[in-house]
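Okay, so here's the structure we're looking at.
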Amino acid sequence: GNIGTPLLPYVEEMTEDDAVVLELSSFQLMTFTKSANYTAVTNISPNHLDWHVDMQEYIDAKANIFRYPENKKLILNANNGQSEYYASLSHSPIEYFSAKREADICLDAKGEYIVYKGERILKCKDILIPGIHNVENYMTAIILTRDFGVSVDSINHIAKTFPGVEHRLEFVREFEGVRYYNSSIDSSPSRTTAALSAIGCSPIVICGGYDKMIPLPSSGLPEHFLCAFHLLICKIRQTVNTAYQTSLFRLCIEEISAC
């Protein structure tokens, strides 16, 4: 996928009995004419609009992961507005996940357990990595792996021990009572909002970087973006400052030329 060891050097070692797990970007999917056997689209929100002609091209590129005959099952987000469109394109059985409403896999009535087909699979508090978005990521993984015989015990062991991946809510260290996180891969407003909602406090945030031409809300900050202090850096700093100018938080624009 986008993080970790590239797959191509291992292609010659693969056999027909191997299962490969891939994260595929819209860039890779643009020219696909075959689909993966089991697929999941966890969320669709504006991204990479500096590269795609428009949002529809981005949406349709993502659809190539499931739209062709090789696909056997599709997992969709019951809360995402694009899921209905994707369902209309699919010829495969579809299952939905949601941490907010009833779905094929969802939370129990108390919001304590992930439940799939009437079976309690995983206690949310046992998931080591934070955030409701990671609860939904586990829902997705559970649907995908149960068809391959992965046990509930294995799922629970992974949930309790897996620390997450680099650059995504990655805990760096605690120094003089301050906890530092690296979440630099959160390169869109929806990802940033999800990461900040998982922290559960008013953090000091350093954000910025290259402008991917993603529309930013003009009506003020999302609830989870109301931080104690912002340090905006690099090319997009003025764009973010203009979109998120509000009296509810203090804002500092740091001029950094080497970015």
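These numbers come from a predicted model, not from an experiment.
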Going from [atom1] on [X] to [atom2] on [Y], what distance comes out if it is rounded to the nearest 0.5 angstrom?
X	Y	atom1	atom2	answer
His133	Asn43	NE2	CG	10.5 Å
Ser92	Leu74	OG	CG	6.5 Å
Arg120	Leu107	CZ	CG	11.5 Å
Trp51	Glu57	CH2	CD	6.5 Å
Asp104	Phe97	CG	CZ	11.5 Å
Leu122	Ile114	CG	CD1	4.5 Å

Where [X] and [Y] come nearest, the two heavy atoms and their spacing:
X	Y	answer
Glu70	Asn37	O-ND2, 3.1 Å
Ile158	Tyr138	O-OH, 3.6 Å
Arg67	Ser35	N-OG, 3.3 Å
Ser26	Ala61	O-CB, 3.8 Å
Ala141	Thr145	O-OG1, 2.7 Å
Val165	Glu170	O-CB, 4.1 Å

If Ile, Leu, Val, Met, Phe, Trp and Tyr residues are connected whenever their side-chain heavy atoms lie under 4.5 Å apart, and connections chain through other members, are [X] and [Y] in the same group?
X	Y	result
Leu128	Ile132	no
Val53	Met30	no
Ile127	Tyr113	no
Ile59	Ile94	yes
Leu169	Val172	no

>> Run Asn182 and Glu166 through side-chain contact (heavy atoms from CB on, under 4.5 Å) and show every step you take.
In response: CA-CA 8 Å; Asn182 172 9; Glu166 292 180 335; over 6 Å; no
> Please walk me through it: do Thr42 and Glu136 pass side-chain contact (heavy atoms from CB on, under 4.5 Å)?
Replying inline: CA-CA 8 Å; Thr42 54; Glu136 292 192 325; over 6 Å; no
> Any side-chain heavy-atom pair from Val11 and Leu8 closer than 4.5 angstrom?
Replying inline: yes
> With side chains defined as the heavy atoms from C-beta onward, is the minimum distance between Pro163 and Ile129 less than 4.5 Å?
Replying inline: no
> If you draw the axis of the six-membered ring of Tyr180, does the NZ or CZ of Arg173 fall within 45° of it and under 6.0 Å from the ring centre?
Replying inline: no
>> Would the distance check show the side chain of Asp126 and the main-chain N or O of Lys160 forming a donor-acceptor pair, the cut-off being under 3.5 Å?
In response: no
Tell me, yes or no, whether the heavy-atom count around [X] atom [atom1], taken from other residues, nucleotides or ligands under 6.0 Å, exceeds 12.
X	atom1	answer
Phe171	CZ	yes
Glu174	CD	yes
His157	NE2	no
Glu112	CD	yes

> For the side-chain contact (heavy atoms from CB on, under 4.5 Å) test, which of Asn64, Leu22, Ile65 pairs with Thr39?
Replying inline: Ile65
>> Here's a test for you: under side-chain contact (heavy atoms from CB on, under 4.5 Å), which of Ile155, Val152, Ile105 qualifies with Tyr116?
In response: Ile105
>> Which label fits Phe66 and Tyr86: parallel for a plane angle under 30°, tilted from 30 to 60°, or perpendicular past 60°?
In response: perpendicular
> Centres of the Phe32 and Tyr68 rings: under 6.0 Å?
Replying inline: no
> Should Leu144 and Ile75 be marked as a side-chain contact (heavy atoms from CB on, under 4.5 Å) after you check the CA-CA gap, both sets of side-chain angles, and the distance that decides it?
Replying inline: CA-CA 8 Å; Leu144 288 171; Ile75 294 92; 3.3 Å; yes
>> Under 3.5 Å, is there a donor on one side chain and an acceptor on the other for Asn137 and Asn134?
In response: yes
>> Run the salt bridge (charged side-chain N to carboxylate O under 4.0 Å, His left out) test on Glu95 and Lys73 for me, step by step, so that the C-alpha distance in whole Å, both residues' side-chain angles and the decisive distance to 0.1 Å come before the verdict.
In response: CA-CA 8 Å; Glu95 293 193 45; Lys73 178 182 280 190; 2.9 Å; yes
> Between Tyr85 and Asp60, is a side-chain hydrogen bond (donor to acceptor under 3.5 Å, both in side chains) present by the stated rule, with each step listed?
Replying inline: CA-CA 10 Å; Tyr85 173 63; Asp60 288 335; 2.8 Å; yes
>> Determine whether Asn77 and Ser83 satisfy the following criterion, side-chain hydrogen bond (donor to acceptor under 3.5 Å, both in side chains), listing intermediate values before the conclusion.
In response: CA-CA 6 Å; Asn77 185 342; Ser83 292; 5.6 Å; no
> Where do Asp147 and Tyr38 land on the side-chain contact (heavy atoms from CB on, under 4.5 Å) test, with the steps shown first?
Replying inline: CA-CA 10 Å; Asp147 283 347; Tyr38 296 82; 3.7 Å; yes
